[in-house]
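This is a predicted model, so every value here is computed, not measured. Residue indices begin at 1 and follow the sequence shown.
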Amino acid sequence: MADVKRGNRPLSPHLQIYRPQLSSVLSIFHRITGVGLTLGAVLVVWWLLAAATGPEYFATVDGLITSWIGNLILLGSSWALCYHLLNGVRHLVWDMGYGFEVETADKTGIAVAAGSGVLTILLWLAA
């Protein structure tokens, strides 16, 4: 049975005393971008269905997607794609048993964060 006379100490580390590490933050962002990419894929399917439905409906959906808010969503989706891709490669390297040292993990994490921004900029400049 658990010792009930512990006092007011927490049973496990919590956000008030635990400082998240770079790898844990990047892991959380990896999951968030995965969900975001799914939602972005739904937008692409909506756009394709609108194209198959007819020119009036397609013009409405295309106007929304090419508006400033649509471009902002596309920019976020392209960053999420670049980030998710680079962090996925990082995880594949980890699956092979490399890069687990704290210094290496921090350096690759910074490279993923910076590289996703650079790739997003290059992608938008090429478009």
Side-chain angles (χ1 to χ4, degrees):
M1 181 145 235
D3 183 13
V4 292
K5 297 182 182 187
R6 287 184 165 190
N8 287 334
R9 295 183 320 181
L11 298 178
S12 62
H14 51 84
L15 294 177
Q16 292 176 343
I17 61 172
Y18 179 75
R19 188 175 67 89
Q21 299 155 345
L22 180 62
S23 290
S24 62
V25 171
L26 294 177
S27 176
I28 291 167
F29 272 119
H30 188 77
R31 295 163 195 259
I32 291 170
T33 56
V35 172
L37 288 173
T38 303
L39 297 175
V42 169
L43 285 176
V44 170
V45 169
W46 181 40
W47 184 72
L48 291 172
L49 286 173
T53 301
E56 298 86 19
Y57 188 58
F58 176 73
T60 303
V61 174
D62 190 56
L64 178 66
I65 290 180
T66 56
S67 68
W68 70 271
I69 190 79
N71 280 331
L72 190 63
I73 291 170
L74 291 175
L75 177 67
S77 294
S78 59
W79 173 80
L81 179 65
C82 294
Y83 175 81
H84 203 78
L85 172 72
L86 292 178
N87 205 38
V89 170
R90 181 177 179 231
H91 279 270
L92 284 175
V93 171
W94 283 355
D95 288 344
M96 292 185 288
Y98 302 107
F100 285 118
E101 298 80 21
V102 174
E103 184 178 329
T104 305
D106 285 345
K107 285 181 181 179
T108 57
I110 292 169
V112 163
S116 63
V118 169
L119 276 179
T120 302
I121 291 169
L122 291 175
L123 181 67
W124 277 75
L125 288 176

*asked:* Looking at every heavy atom in both Ser116 and Leu86, which two are closest together, and how far apart are they?
replied: N-CD1, 3.4 Å
*Do Trp47 and Leu39 belong together in a cluster built from hydrophobic side chains that touch within less than 4.5 Å?*
no
*asked:* Give me the atom names and distance for the closest heavy-atom approach of Val25 to Pro20.
replied: CG2-CB, 3.9 Å
*asked:* When you group the ILVMFWY residues by side-chain heavy-atom contacts below 4.5 Å and let the links chain together, are Val93 and Val112 in the same group?
replied: no
_Does Phe29 have more than 12 heavy atoms from other residues, nucleotides or ligands lying within 6.0 Å of its CZ?_
no
*Tell me, with the steps shown, if Leu122 and Val118 meet side-chain contact (heavy atoms from CB on, under 4.5 Å).*
CA-CA 6 Å; Leu122 291 175; Val118 169; 4.0 Å; yes
*Indicate yes or no: at least one non-hydrogen side-chain atom of Asp95 is less than 4.5 angstrom from one of Leu92.*
yes
*Under 3.5 Å, is there a donor-acceptor pair between the side chain of Thr53 and the main chain of Leu49?*
yes
*Drop me the distance from Asp106's CG to Ser23's OG, to the nearest 0.5 angstrom.*
6.0 Å
*Would a hydrophobic clustering, with Ile, Leu, Val, Met, Phe, Trp and Tyr connected at side-chain separations under 4.5 Å, put Leu48 with Phe58?*
yes
*Going through the checks in order, is the side-chain contact (heavy atoms from CB on, under 4.5 Å) test met by Leu123 and Trp79?*
CA-CA 9 Å; Leu123 181 67; Trp79 173 80; over 6 Å; no
*Can you check whether Ala105's main-chain N or O pairs, donor with acceptor, with Arg90's side chain at less than 3.5 Å?*
yes
*Ser77 side chain vs Leu74 backbone, donor-acceptor pair below 3.5 Å*: no
*When rounded to the nearest 0.5 angstrom, what is the spacing between CZ in Arg19 and OG in Ser24?*
9.5 Å
*asked:* I'd like to know if the side chain of Thr104 reaches the main chain of Phe100, judged simply by a donor and an acceptor atom lying under 3.5 Å from each other, with no hydrogens or angles considered.
replied: no
*Side-chain heavy atoms of Leu26 within contact of Tyr83, under 4.5 Å*: yes
*Would you please indicate if the ring centroids of Tyr98 and Trp94 are separated by under 6.0 Å?*
no
*Mind listing the closest non-hydrogen atom pair of Ile65 and Leu43 along with its distance?*
CD1-O, 4.2 Å
*Is the backbone of Asn87 close enough, under 3.5 Å, to the side chain of His30 for a donor and an acceptor to pair up by distance?*
no
*Tell me whether Trp46 is reachable from Ile73 by hopping between hydrophobic residues (I, L, V, M, F, W, Y) whose side-chain heavy atoms are closer than 4.5 Å.*
yes
*Exercise: identify the closest heavy-atom pair between Thr120 and Ser78*: CG2-OG, 3.7 Å
_His84 side, atom NE2; His91 side, atom NE2 - distance, nearest 0.5 Å_ = 9.0 Å
*State yes or no: do Leu64 and Tyr57 share one hydrophobic cluster built from I, L, V, M, F, W and Y residues joined by side-chain heavy-atom distances below 4.5 Å, directly or via other members?*
yes
*Which pair of heavy atoms, one from Leu119 and one from Cys82, lies closest together, and at what distance?*
CB-SG, 3.7 Å
